[in-house]
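One structure below.
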Protein chains: 4
Amino acid sequence: MQRQDTPTTDNHATIPAAERHTATSARRARRSDPNRKQRIIDACLDVIAERGVAGTSHRIVAEAADVPLGSMTYHFDGFDDLIFQTFSHYARQAAERFRTRMEQARTRDDACEAIAETIADDLLGTHRDMVINLELYAVAARKPQFRDIMTEWTETVLTSMASFFDPQTAKLLDDVIEGITIHRAMAVPHPSVERTREDARDAIARILTRAV
Amino acid sequence: MQRQDTPTTDNHATIPAAERHTATSARRARRSDPNRKQRIIDACLDVIAERGVAGTSHRIVAEAADVPLGSMTYHFDGFDDLIFQTFSHYARQAAERFRTRMEQARTRDDACEAIAETIADDLLGTHRDMVINLELYAVAARKPQFRDIMTEWTETVLTSMASFFDPQTAKLLDDVIEGITIHRAMAVPHPSVERTREDARDAIARILTRAV
Amino acid sequence: MQRQDTPTTDNHATIPAAERHTATSARRARRSDPNRKQRIIDACLDVIAERGVAGTSHRIVAEAADVPLGSMTYHFDGFDDLIFQTFSHYARQAAERFRTRMEQARTRDDACEAIAETIADDLLGTHRDMVINLELYAVAARKPQFRDIMTEWTETVLTSMASFFDPQTAKLLDDVIEGITIHRAMAVPHPSVERTREDARDAIARILTRAV
Amino acid sequence: MQRQDTPTTDNHATIPAAERHTATSARRARRSDPNRKQRIIDACLDVIAERGVAGTSHRIVAEAADVPLGSMTYHFDGFDDLIFQTFSHYARQAAERFRTRMEQARTRDDACEAIAETIADDLLGTHRDMVINLELYAVAARKPQFRDIMTEWTETVLTSMASFFDPQTAKLLDDVIEGITIHRAMAVPHPSVERTREDARDAIARILTRAV
DNA sequence: AATGAATGAGACTTCATTCAT
DNA sequence: AATGAATGAAGTCTCATTCAT
């Protein structure tokens, strides 16, 4: 309780007490829904891809995941936590995909191809991934916690490339991956996957030519 | 309104109660205010930098610009228009800055240095620019309209480089600029401006070595 | 935006942005409603009397005052401010009533009768006043700001009695007023107004007998 | 939940997210917990003292008592029952304390001193008791059921005084006790215990002087 | 006997926008 | 031309309570 001109931290009051709702409406039974939390995260990812973080809300995600609104703050410690866990999950998955691709590479050429494929297929292949990436960047630029997600991701990428490229080259390649991703994302109309793959191959080749 | 914000005390950002509306009359009294619209745009840019598009609202911008709330929908055709014009202004300004830098370059080495400076000083020099850039990217990824802003910007950049580099090299350089910008933005802690400039120089050099 | 285990003050996020409700439903026109704020306060007093502060909410008060929910936080700086202003108004009014009664008294006996009437009619006459009084006490016990309301009230009461009683006697009388009020409020069933007035007269007489 | 609360940082009072439910298993492990119900009541009293009935909820009490949320509705028949039993316990205890004090009195003077001590030490000695008292009054004013608690308490008080004072005097004394208690509770800043005891002695003396 | 999981209702607040002035 | 007043929708979050285990 606070007077009108005395700003305090306590400005989100809540429910009264004592006399609360006594109505006992009929309830749908939907208990015991395993991995509901994961379903919410997946749905949240979809929503972010479609409407951006700015357009994401508990209600919309709950609807997308087909869970009651109350589930949101039950499973997540507030909206911010939802966003954090969602991006965290996404980044981990993306990093894993990249590592898998690199692990399957035998030669340096294989590795280059894997990178090109990552750019063209994983990062830009779908509008979805593209948007999520950029939304994550935007948030991370302002929130240190989200930068940690990025750090982890970057480390996995660089580590995965370590077998084929020296650290400096790997970093440069990583920069280029990023740059191409963004620029193609911004292009209107978006270039085709094939075209993007070509461009990626060329860029990588140019960088490596000198390093050889 | 504050969603993905760094925690602030947020004392006066909130809407005043009814009385306060009239109580603040002394503060304003700003009849005949030329370029009020521009002041709103500048304030909006500040707000976006600090709270992201998700945390931006008419009220907060109005407060930051010290204009009445009614001004917002009077000068802008709704919220989206405000954001669009704001980003549009920003991008044009950034492109102009880059062109000026390049125009002052005489040799190819000058040009490289200008690029490095752009990365280190203009795009990453301030947290502000970094955040605004990424916010713009995020929006642009989802809204074609905003992609036009990016297109214009990119064209100015490539055109400015045309005197010193062949198209393909310019594009690659542009990609690297982007990649470095992002990766440094994500790094924790942010590397120093000097360090960033060094890295940028190296990356550019590597790319050009082979092209020469 | 905050990670799950990092308690920050920033835990009441709000609206997204950019893509918000564009629906323009038909609106009732109810502009220009003078002293709407006072009507809300009156309604709030009714609600408190009926359900206690614990049972009071923006929604319920808005409904009682027949104003849209949005009006509540428009006219008041949050729930706490509403409660504060409501009690403040009530206390001022009650103090005024008491002063008027005392001002009309000519003799000491008149004053005694005025006090008895205050107890029986003003403070206990209606269930409404009784409840509001006690709710105010309860809040004031925990919130210093509300204690200020009480202080002002008490001062008015003591000042009003100054013409007829020495300070110490006035204070004792005030204490007795309070005590009778409470005890009768707690009695089950509530004694009649007449009975209460009798009791008050007796108590006052007893206190004054010795002082004479 | 916090409505009319003094501003607190409120870190751990909030509900944990889903995972945290299981994460805290180490903390509890309290099988076979005798007088758990009493522990809940004690905790509830603390919560009421700190946040008022309006700020009390099942969750907060459960947290304060370190029992699982489900315990609340298991041991109590809903929220109102919890509040009722809590106040009931408190009043019985307070009445008992008063009776003990009076039983130890031998002379009428002893009795007067016991009353003064009750006011100064028991009712006002701690902020806690003061708040709880007034919260109880407020609820009792609106709910007959709670008035029964008060009736029982008052009867014990009057009975305890019967050995030393005639009924009418006892009643008046009781009124004064009440009045002083409230007025001191409202004073800002609260007078010291010693000062309060003095005042109480004086008031009692004045009342009795005439009666003698 | 006891409790973790879950939920629908409702809490406060802020929002973009409209409209009379 | 400009704006203060006002509002319905939607925001996040907490609530008491139920129920399967």
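In what follows, chains carry the letters A, B, and so on, assigned in the order in which the sequence lines appear, proteins first and then strands, with residues in each chain numbered from 1. Since this is a predicted model, take the numbers as computed values, not measurements.
Side-chain atoms of C:Arg59 and base atoms of E:dA11 include a donor and an acceptor less than 3.5 Å apart.
Atom-to-atom, CG of B:Asp81 to P of E:dA16 comes out at 14 Å; the value is rounded to the nearest Å. Per the geometry, CG belonging to D:Leu69 stands 10 Å off C1' belonging to E:dA5, to the nearest Å. Between the P atom of F:dA6 and the CE atom of B:Met72 lies a distance of 22 Å, rounded to the nearest Å.
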Practice task
Would you write the dot-bracket representation of DNA chain F, where each base gets (, ), [, ], | or . depending on whether it forms a Watson-Crick or G-U pair under 3.5 Å and with which partner?
Solution key: .||||||||||||||||||||
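Comparing B:His75 and D:Asp77 by the nucleotide of DNA chain F that holds the closest heavy atom to each, the one mapping nearer the 5' end is B:His75.
D:Asp77 pairs by the side-chain contact (heavy atoms from CB on, under 4.5 Å) definition with D:Asp81, not counting sequence neighbours. In this view, B:Phe87 satisfies the ring pair (Phe, Tyr, Trp, His ring centres under 6.0 Å) rule with no residue, not counting sequence neighbours.
Stacking of C:Lys37 on the aromatic ring of C:Tyr74 is not recorded, the 6.0 Å distance cut-off and the 45° axial limit not both being met.
Taking side-chain N and O atoms only, D:Ser71 has a distance below 4.0 Å to OP1 or OP2 of E:dT3. Contact check, A:Ser57 against F:dG11: a side-chain N or O comes under 4.0 Å of OP1 or OP2. Proximity of C:Tyr74 to the phosphate of F:dA5: a side-chain N or O atom is located under 4.0 Å from OP1 or OP2. Note on A:His58: every side-chain N or O is 4.0 Å or more away from OP1 and OP2 of F:dG11.
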